[in-house]
Amino acid sequence: MGLLTIFPSAGHHLNDPGAVYHGYTEASLMIMFRNKLTKILDDLGYKFIIDKDHETNTQYQNRIKPGVGSVIADYHANAALNQNASGVECFVSDNPTVNSLKMANELCAVTAEILNIPNRGVKKPSETARGTIGILKKPGTVVLCELFFLSNKNDLEKFLKNIDALANAHAYILAKYEDLIP
């Protein structure tokens, strides 16, 4: 595991389904998305290390050893009691690198465009109820991306319809930032 590696993760695992709405679990959808994304990265010849489907976030974070030139993208689906809540948002650390901010903005923009959902923008953990997000403390270009609202049936349908285009766009963005040394 060198300095230049991409670390795409599904955010949840088989024993932690995350949000559950409309007959889908966040974990199953993000595993499907991660697998499509890594297939593209593999076809492009990029090195990547993924989370294991049975592995907790803590186990994954303890296992990986990203460097300053690495790219980490942790994928999730958002959920809200208000089932009309819609859009994509990305999170960066409270003291993000320039590349983390740039990549987060690009991921939000391309996701909003492809899925035709609102771009809720880039946020910091201090703006959340949790106050901290562990993966964002890793070195490199690091983004946690809430791709859409699983609780919103329209967001879900747009994600399922456009998953291949979305995975392709995200793969190219991750590859671009993996090539950049801060």
Side-chain angles (χ1 to χ4, degrees), residues 1-13 16 18 26-27 30-78 88-114 119-148 166-182:
M1 289 183 249
L3 294 178
L4 295 177
T5 303
I6 300 171
F7 296 88
S9 61
H12 287 274
H13 54 89
D16 175 12
E26 179 182 1
M30 294 306 103
I31 289 168
M32 179 174 39
F33 180 77
R34 181 208 59 211
N35 290 348
K36 287 179 178 290
L37 183 143
T38 55
K39 169 74 169 91
I40 296 161
L41 290 173
D42 190 47
D43 290 347
L44 293 171
Y46 282 89
K47 181 178 176 185
F48 57 87
I49 296 167
I50 64 171
D51 54 327
K52 298 175 182 173
D53 295 344
H54 65 276
E55 183 174 55
T56 68
N57 239 349
T58 301
Q59 290 169 326
Y60 172 64
Q61 290 178 42
N62 288 337
R63 177 172 58 84
I64 65 173
K65 305 293 183 227
V68 295
S70 297
V71 169
I72 299 173
D74 193 38
Y75 288 102
H76 293 263
N78 221 332
V88 55
E89 59 191 2
C90 288
F91 292 87
V92 295
S93 73
D94 282 324
N95 297 303
T97 66
V98 170
N99 284 345
S100 292
L101 279 171
K102 286 180 180 179
M103 187 173 84
N105 277 298
E106 285 186 45
L107 292 173
C108 276
V110 76
T111 302
E113 180 182 328
I114 290 171
N119 181 343
R120 298 168 66 98
V122 177
K123 300 175 180 166
K124 297 179 178 178
S126 57
E127 300 176 69
T128 70
R130 295 184 72 179
T132 184
I133 301 173
I135 194 85
L136 298 178
K137 296 176 183 175
K138 293 291 188 185
T141 301
V142 187
V143 175
L144 183 146
C145 191
E146 298 273 4
L147 292 171
F148 65 97
L166 189 63
N168 189 63
H170 277 241
Y172 277 93
I173 291 170
L174 300 184
K176 173 178 131 180
Y177 282 91
E178 189 266 354
D179 283 339
L180 300 177
I181 300 291

Can you name the closest pair of heavy atoms from [X] and [Y] and give their distance?
{"X": "L37", "Y": "P8", "answer": "CD2-CB, 3.9 Å"}
{"X": "L41", "Y": "F48", "answer": "CB-CD2, 3.9 Å"}
{"X": "C90", "Y": "L107", "answer": "SG-CB, 4.1 Å"}
{"X": "A112", "Y": "N119", "answer": "CB-CB, 3.8 Å"}
{"X": "H13", "Y": "H54", "answer": "ND1-O, 4.0 Å"}
{"X": "G121", "Y": "C108", "answer": "O-SG, 3.5 Å"}

Just to verify, what does [X] make a side-chain contact (heavy atoms from CB on, under 4.5 Å) with, not counting sequence neighbours?
{"X": "T132", "result": "K137"}
{"X": "T111", "result": "V88, L115, L147, L166, H170"}
{"X": "A73", "result": "Y75, L174"}
{"X": "A10", "result": "M30, I31, R34, D51"}

Set of residues satisfying salt bridge (charged side-chain N to carboxylate O under 4.0 Å, His left out) with respect to K52, sequence neighbours excluded: none
Sorted by chain and residue number, the salt bridge (charged side-chain N to carboxylate O under 4.0 Å, His left out) partners of D42 (sequence neighbours excluded) come out as none
Nearest 0.5 Å, please: how far is [atom2] in [Y] from [atom1] in [X]?
{"X": "T5", "Y": "I72", "atom1": "OG1", "atom2": "CD1", "result": "10.0 Å"}
{"X": "E178", "Y": "S70", "atom1": "CD", "atom2": "OG", "result": "7.5 Å"}
{"X": "T38", "Y": "L44", "atom1": "OG1", "atom2": "CG", "result": "11.5 Å"}
{"X": "I114", "Y": "N168", "atom1": "CD1", "atom2": "CG", "result": "8.0 Å"}
{"X": "I64", "Y": "I49", "atom1": "CD1", "atom2": "CD1", "result": "8.0 Å"}

Can D74 and F91 be said to form a side chain to side chain contact (heavy atoms under 4.5 Å, CB included), step by step? CA-CA 10 Å; D74 193 38; F91 292 87; over 6 Å; no
Quick one, H76 and N78 - any side-chain contact, counting heavy atoms below 4.5 Å? no
Counterpart residues, side-chain hydrogen bond (donor to acceptor under 3.5 Å, both in side chains), relative to [X] (two or more places apart):
{"X": "Q59", "result": "T56"}
{"X": "N95", "result": "none"}
{"X": "D16", "result": "H12"}

So which pairs with a foot in residues 94-109 pass salt bridge (charged side-chain N to carboxylate O under 4.0 Å, His left out), sequence neighbours left out? E106-K176
Please collect all salt bridge (charged side-chain N to carboxylate O under 4.0 Å, His left out) contacts where either partner lies in residues 120-129, sequence neighbours excluded, each pair once. E89-R120, E89-K123
Distance-only, no hydrogens or angles: does the S100 side chain make a donor-acceptor pair with backbone N or O of V142 under 3.5 Å? yes
